Amino acid sequence: WLVVVATIAMAVVCSLDARRYGYDDFYIMITLIANAVMISWLVGREHEEGVRNKVISGHTKGNIFLAELIIGVVTCVILYLLFAIIFLGINNYIIGYAPNGIAIKIFLCGLVASACTAAILVTISCMLSRRAVIAIVNILLILGLSFAAQTIDDMLSCPEYWEEYDYEYEEIVDDKGNVHLEASPVEGSMHLVENPDYIQSPVRDILNIIGHLSPFSTIHESGDVTYGWFGYNMQVSSNSINTSHTWDNEADFSVTKEENDSLTFALLFTSIELIVISCAGYFFFRRKELK
């Protein structure tokens with residue numbers, strides 16, 4: 001119930017921030033940390049109450065793992081749905097503007113990412129025994145997965161070329177007689193310069209696959225697609241020259257083919273990862289020696 005309260009609180013704060021400024025997936029990470037603590041507590045309590053006794057009484061280790069997996073995944077999915085309902089309720093102004101197909105795909109990406117994260121947390125929790133150790137490992141895992149996904153995303157987002165211009169300089173004399181140089185780009189001088197930080201294939205393809213091993217990669221990509229969707233109550237400074245900086249003028253619901261394909265790949269990859277993690281956890285827990 002504490003995690004339910006935390007989820008509601010994070011959903012409200014995230015939703016209000018999205019309404020004022022834009023979507024920030026930082027609150028998703030906080031929510032998943034709460035989920036990590038919850039799963040660590042549930043599975044850790046199962047260990048302390050005696051998994052070995054259940055095996056002795058006739059339950060198989062495989063069934064015990066599946067029970068923990070189902071409870072963890074279903075609970076996290078319900079919490080995700082609670083978060084999504086609150087978020088959409090507060091930001092309902094995008095309904096009718098956001099493309100339905102992309103919105104559904106983003107919803108499914110978040111759903112599968114939550115389930116996959118839960119499967120990872122349950123698997124880690126089942127392989128350890130002490131509740132405190134499980135909690136620490138799972139929290140560090142969430143932070144690590146988030147950091148890794150963001151770092152790789154930043155690396156891959158570097159453009160292959162930069163736009164550069166030739167400049168001409170003009171001496172400007174101000175009212176006090178001081179001379180300043182004013183630079184202005186030469187018309188038609190734009191040219192492309194190769195970015196040395198751009199990562200070429202096949203390293204780029206490898207990093208893309210490694211990045212998607214983290215469910216946070218799916219969450220980040222969904223957030224990137226919705227970059228121009230929110231900010232209905234965006235505040236404009238009274239000193240701002242551009243007073244047209246409002247949601248009605250700035251909202252952008254366009255989605256490129258590359259972004260659409262990226263969401264499709266993320267949804268497929270995370271779904272496969274969910275199955276692989278669940279099967280791996282089932283396999284290894286069956287072979288774990290219980291104390």
Side-chain angles (χ1 to χ4, degrees), residues 3 6-7 10-11 14 23-44 68-69 71-80 83-84 106-128 131-157 199 203-226 262-282 284-285:
V3 175
T7 300
M10 287 299 100
C14 180
Y23 170 76
D24 187 353
D25 56 22
F26 169 77
Y27 302 102
I28 305 296
M29 183 185 71
I30 299 299
T31 303
L32 291 179
I33 288 177
N35 291 353
V37 174
M38 174 191 65
I39 289 177
S40 302
W41 182 272
L42 293 175
V43 179
E68 297 297 333
L69 179 67
I71 292 173
V73 169
V74 170
T75 303
C76 288
V77 165
I78 291 174
L79 292 173
Y80 168 79
F83 191 105
I106 289 173
F107 171 79
L108 292 176
C109 281
L111 188 71
V112 175
S114 297
C116 185
T117 304
I120 295 173
L121 294 173
V122 169
T123 300
I124 295 297
S125 300
C126 285
M127 300 311 297
L128 303 175
R131 199 182 308 189
V133 175
I134 294 172
I136 293 172
V137 171
N138 279 341
I139 291 173
L140 292 177
L141 180 66
I142 292 294
L143 294 174
L145 290 174
S146 177
F147 177 77
Q150 186 62 60
T151 301
I152 293 178
D153 183 64
D154 291 341
M155 293 171 62
L156 296 179
S157 63
I199 300 174
V203 177
R204 187 177 190 85
D205 299 328
I206 295 173
L207 282 177
N208 192 32
I209 294 175
I210 293 175
H212 278 91
L213 291 175
S214 168
F216 278 92
S217 179
T218 303
I219 296 173
H220 288 316
E221 290 187 4
S222 299
D224 291 342
V225 172
T226 63
S262 182
L263 282 177
T264 302
F265 175 77
L267 179 60
L268 178 62
F269 193 97
T270 309
S271 299
I272 295 174
E273 185 179 7
L274 169 61
I275 296 172
V276 171
I277 292 294
S278 301
C279 293
Y282 180 83
F284 286 113
F285 187 72

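Quick caveat, the model's predicted, so the values are computed rather than measured.
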Q) Say you draw a straight line from OG1 of Thr270 to CG of Leu108; how long is it, rounded to the nearest 0.5 Å? A) 11.5 Å
(Q) What's the separation between atom OG1 in Thr117 and atom CG in Leu145, rounded to the nearest 0.5 Å? (A) 7.5 Å
(Q) side chain to side chain contact (heavy atoms under 4.5 Å, CB included) for Phe216 and Leu32? Distances and angles first, verdict last. (A) CA-CA 10 Å; Phe216 278 92; Leu32 291 179; 3.5 Å; yes
**Q.** Passing option when Cys109 is tested against Pro215, Ser114, Ser222, Ser217 for side-chain contact (heavy atoms from CB on, under 4.5 Å)
**A.** Ser222
Q.
To check you understand the geometry: which heavy-atom pair defines the closest contact between His220 and Ser146, and what is its length?
A. NE2-O, 3.8 Å
Q) Is the backbone N or O of Ala113 less than 3.5 Å from a side-chain atom of Tyr80, with the two atoms forming a donor-acceptor pair by type? A) no
Q | Distance-only side-chain donor-acceptor flag, Asn138 / Ser125, under 3.5 Å | A | yes
Q: First locate atom CD1 of Ile33, then atom CD1 of Ile28, and finally report the distance between them rounded to the nearest 0.5 Å.
A: 12.0 Å
Q: Might you point out which heavy atoms bring Ala115 and Leu274 nearest each other, and give the distance in Å?
A: O-CD1, 3.6 Å
Q) What's the shortest heavy-atom distance between Asp24 and Tyr27, and which atoms? A) O-CD1, 3.4 Å
(Q) Please determine whether side chain to side chain contact (heavy atoms under 4.5 Å, CB included) holds for the pair Cys76 and Ile39, giving the CA-CA distance in whole Å, both sets of side-chain angles, and the decisive distance to 0.1 Å. (A) CA-CA 9 Å; Cys76 288; Ile39 289 177; 3.8 Å; yes
Q | Nearest-0.5 Å distance that lies between atom CG in Leu79 and atom CE in Met10 | A | 13.5 Å
**Q.** Heavy-atom check, side chain of Val122 versus side chain of Ile71, under 4.5 Å
**A.** no
Q: Starting from the C-alpha separation in whole Å, work towards a yes-or-no answer on side chain to side chain contact (heavy atoms under 4.5 Å, CB included) for Ser278 and Leu69.
A: CA-CA 8 Å; Ser278 301; Leu69 179 67; 3.7 Å; yes
Q. Could you give the distance from CD1 (Ile124) to CG (Leu140), rounded to the nearest 0.5 Å?
A. 11.5 Å
Q: Determine, stepwise, if the pair Ile139 / Val37 fulfils side chain to side chain contact (heavy atoms under 4.5 Å, CB included).
A: CA-CA 7 Å; Ile139 291 173; Val37 174; 3.8 Å; yes
Q) When rounded to the nearest 0.5 angstrom, what is the spacing between SG in Cys14 and OH in Tyr23? A) 6.0 Å
Q | Check: Thr31/Thr7 side-chain N/O donor and acceptor closer than 3.5 Å | A | no
Q) So, does Thr226 use its side chain to make a donor-acceptor pair with the main chain of Gly223 at under 3.5 Å? A) yes
Q | Smallest separation among heavy atoms of Met29 and Leu143, with atom names | A | SD-CD2, 4.0 Å
